[in-house]
Protein chains: 2
Amino acid sequence: MKRRKTPTKEAVLEVLTKAGKAMSQDAIEQQISIDINRATIYRVLNRFCDDGVLHKIVAENGKQYFALCNDCEEQHNHDHFHFRCTQCETVECLPVEVNLAIPKGYLVENMNCVISGVCKTCV
Amino acid sequence: MKRRKTPTKEAVLEVLTKAGKAMSQDAIEQQISIDINRATIYRVLNRFCDDGVLHKIVAENGKQYFALCNDCEEQHNHDHFHFRCTQCETVECLPVEVNLAIPKGYLVENMNCVISGVCKTCV
DNA sequence: ATATTATTGCGATTCTATTGCAATAATAAA
DNA sequence: TTTATTATTGCAATAGAATCGCAATAATAT
């Protein structure tokens, strides 16, 4: 399935790039000037995830956040921690790698590590 | 608010103790022989969390899982990883501590680290 | 200019979790 | 033991996030 270039995709990417953080669907929608349907935004976000452009983080509040991928070539590798600030409700990718000795016999497919608290801006 | 001893609380604790894993509300409900309302189970689980008996993990599927606390005395300290098996849909506490250098200026309140994949039983 | 089909909008739907309120039952007090 | 107090429960309604089906639209190829 060949992808097409659409205003929605451009707008979503622009918002995420500018923010430099992970964002939820509703936060992204708020930042887009043109009116785009909620379902469409979700579909665009999920497509970007499939294509290795974005990665998805699920915070302890159960919400999904999407952030730009840095170096996901063939497959996603998001072995870094995320920080969710309960004050400003933002999620950012920390430059800290997740590093653990996985017990024998376990097959790792994905990592979802979120630290929450107050970020350095709000502290 | 003083807590009371009720059949629901006993049943929930028994199930979680037997399982030795983190469980979701619906999984717990299935394991309880007597019929208990969904809302009640959630309330019991959340109360246990408040009281330091259980801790809550939110997986990448957005669902909440509850597990017994080991050594939470004054406050919760769940600095360990969790593993969610996408095959058998269980979540277990790994005996591996989360160990990261938190960037300066950040105030940590909670950790929610879930690795997902296939557990050693299903592999 | 036309055909193809990826993408979108809309409304409905699913799923998880929570809440208000009256009824029930565990515990304290008499 | 009986009565009073109030934590707990059940039920139905509600909130909130995310997804889905389907027809309409629009990006790209012909």
Side-chain angles (χ1 to χ4, degrees), chain A residues 1-16 22-51 53-67 84 86 89-91 110 112 114 116, chain B residues 1-16 22-51 53-67 84 86 89-91 110 112 114 116:
Chain A
M1 182 167 329
K2 211 180 234 172
R3 301 299 186 205
R4 293 179 180 175
K5 186 177 170 184
T6 70
T8 302
K9 295 171 76 170
E10 294 186 331
V12 167
L13 267 194
E14 192 194 322
V15 166
L16 279 170
M23 295 177 77
S24 60
Q25 177 277 323
D26 54 297
I28 293 171
E29 187 174 336
Q30 282 181 357
Q31 294 298 316
I32 296 181
S33 48
I34 52 175
D35 193 54
I36 303 172
N37 186 271
R38 177 178 59 244
T40 300
I41 296 182
Y42 273 115
R43 276 187 286 228
V44 164
L45 289 169
N46 285 325
R47 250 177 266 146
F48 276 145
C49 285
D50 291 342
D51 297 346
V53 179
L54 300 179
H55 62 286
K56 183 192 291 190
I57 309 111
V58 178
E60 346 79 81
N61 59 1
K63 282 182 73 172
Q64 303 180 347
Y65 294 82
F66 300 85
R84 168 166 168 264
T86 52
E89 276 303 335
T90 65
V91 173
N110 190 31
N112 194 77
V114 182
S116 61
Chain B
M1 184 174 316
K2 211 180 233 171
R3 302 298 185 205
R4 293 178 180 177
K5 186 178 170 184
T6 70
T8 301
K9 296 172 75 168
E10 293 185 331
V12 168
L13 268 194
E14 192 194 321
V15 166
L16 280 170
M23 295 178 77
S24 60
Q25 177 275 324
D26 55 297
I28 293 171
E29 186 173 339
Q30 282 181 357
Q31 294 298 317
I32 296 180
S33 49
I34 52 175
D35 193 54
I36 304 172
N37 186 270
R38 178 177 60 244
T40 302
I41 297 183
Y42 272 116
R43 276 188 285 231
V44 164
L45 289 170
N46 285 324
R47 249 177 266 145
F48 276 145
C49 285
D50 291 342
D51 297 347
V53 179
L54 300 179
H55 62 286
K56 182 191 294 190
I57 309 111
V58 178
E60 345 78 82
N61 58 3
K63 281 183 71 173
Q64 302 180 348
Y65 294 83
F66 300 85
R84 169 167 168 263
T86 52
E89 276 302 338
T90 65
V91 173
N110 189 32
N112 192 77
V114 183
S116 61

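Within every chain, numbering begins at 1; the chains are lettered A, B, ... in the order of the sequence lines, protein sequences first and strands thereafter.
Rounded to whole angstrom, the span from the CG atom of B/D35 across to the C1' atom of D/dG10 amounts to 10 Å. When rounded to the nearest whole Å, the span between CZ of B/R43 and C1' of C/dT24 equals 13 Å. Remark: C1' of D/dT9 and CG of B/L45 are 14 Å apart, rounded to the nearest angstrom. In this structure, B/E60 atom CD and D/dA17 atom C1' are separated by 16 Å, rounded to whole Å. Across the protein-nucleic acid pair, A/N37 atom CG and D/dA24 atom C1' stand 13 Å apart, rounded to whole Å. Summarising the geometry, the separation between NZ on B/K9 and P on C/dA26 is reported as 12 Å, rounded to the nearest angstrom. Spacing between atom CD of A/E29 and atom P of C/dC10 amounts to 11 Å, rounded to whole angstrom units. In this entry the distance linking CD1 of A/I28 with C1' of D/dA18 reads 14 Å, nearest Å.
The backbone N or O of B/K63 sits less than 3.5 Å from a side-chain atom of B/N61, completing a donor-acceptor pair. Using modelled atom types, no side-chain atom of B/D51 and backbone atom of B/V53 make a donor-acceptor pair closer than 3.5 Å. Remark: side-chain polar atoms of A/K9 are paired, donor with acceptor, to backbone N or O of A/R4 under 3.5 angstrom.
Along DNA chain C, the nucleotide nearest to A/K5 and the one nearest to B/R38 differ in position, and the one closer to the 5' end is contacted by A/K5. Toward the 5′ end of DNA chain C lies the nearest nucleotide of A/K2, the other residue of the pair A/K2 and B/D26 mapping further downstream. With the nearest nucleotide of DNA chain D identified for both B/M1 and B/T40, B/M1 has the one nearer the 5' end.
When the side-chain nitrogen and oxygen atoms of B/T6 are compared with OP1 and OP2 of C/dA25, none of them lie within a distance under 4.0 Å. An OP1 or OP2 oxygen of D/dT9 is reached within less than 4.0 angstrom by a side-chain nitrogen or oxygen of B/T8. Within the 4.0 Å cut-off from OP1 or OP2 of C/dC15, not a single side-chain nitrogen or oxygen of B/K63 is found. Side-chain N/O atoms of B/Y42 include one lying less than 4.0 angstrom from OP1 or OP2 on C/dA17. Phosphate contact (OP1/OP2 of C/dT8, side-chain N/O of A/R47, threshold under 4.0 Å): present.
Residue contacts for A/S24: at a heavy-atom cut-off of 4.0 Å it reaches no nucleic acid atom on any strand shown. Within 4.0 Å (heavy atoms only), A/R3 reaches sugar-phosphate atoms of the nucleic acid but no base atom. Within 4.0 Å of B/Q64, counting heavy atoms only, lie sugar-phosphate atoms of the nucleic acid but no base atom. Using a 4.0 Å heavy-atom criterion, one finds that A/N46 contacts the sugar-phosphate atoms exclusively.
Heavy atoms only, all atoms of each residue included: A/V114 and A/A59 are closest at CG2-CA, 4.3 Å. In terms of heavy atoms, B/Y65 sits closest to B/A22 at CB-CB, 3.9 Å.
Of the candidate nucleotides C/dT8, D/dT5, D/dT28, D/dT5 has the atom nearest to the side chain of B/R4. Closest contact between the side chain of B/A39 and the listed nucleotides D/dT19, D/dA12, C/dC10 involves D/dA12.
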What's the verdict on side chain to side chain donor-acceptor pair (under 3.5 Å) for B/K56 and B/N112, showing C-alpha distance, side-chain angles and the deciding distance? CA-CA 9 Å; B/K56 182 191 294 190; B/N112 192 77; over 6 Å; no
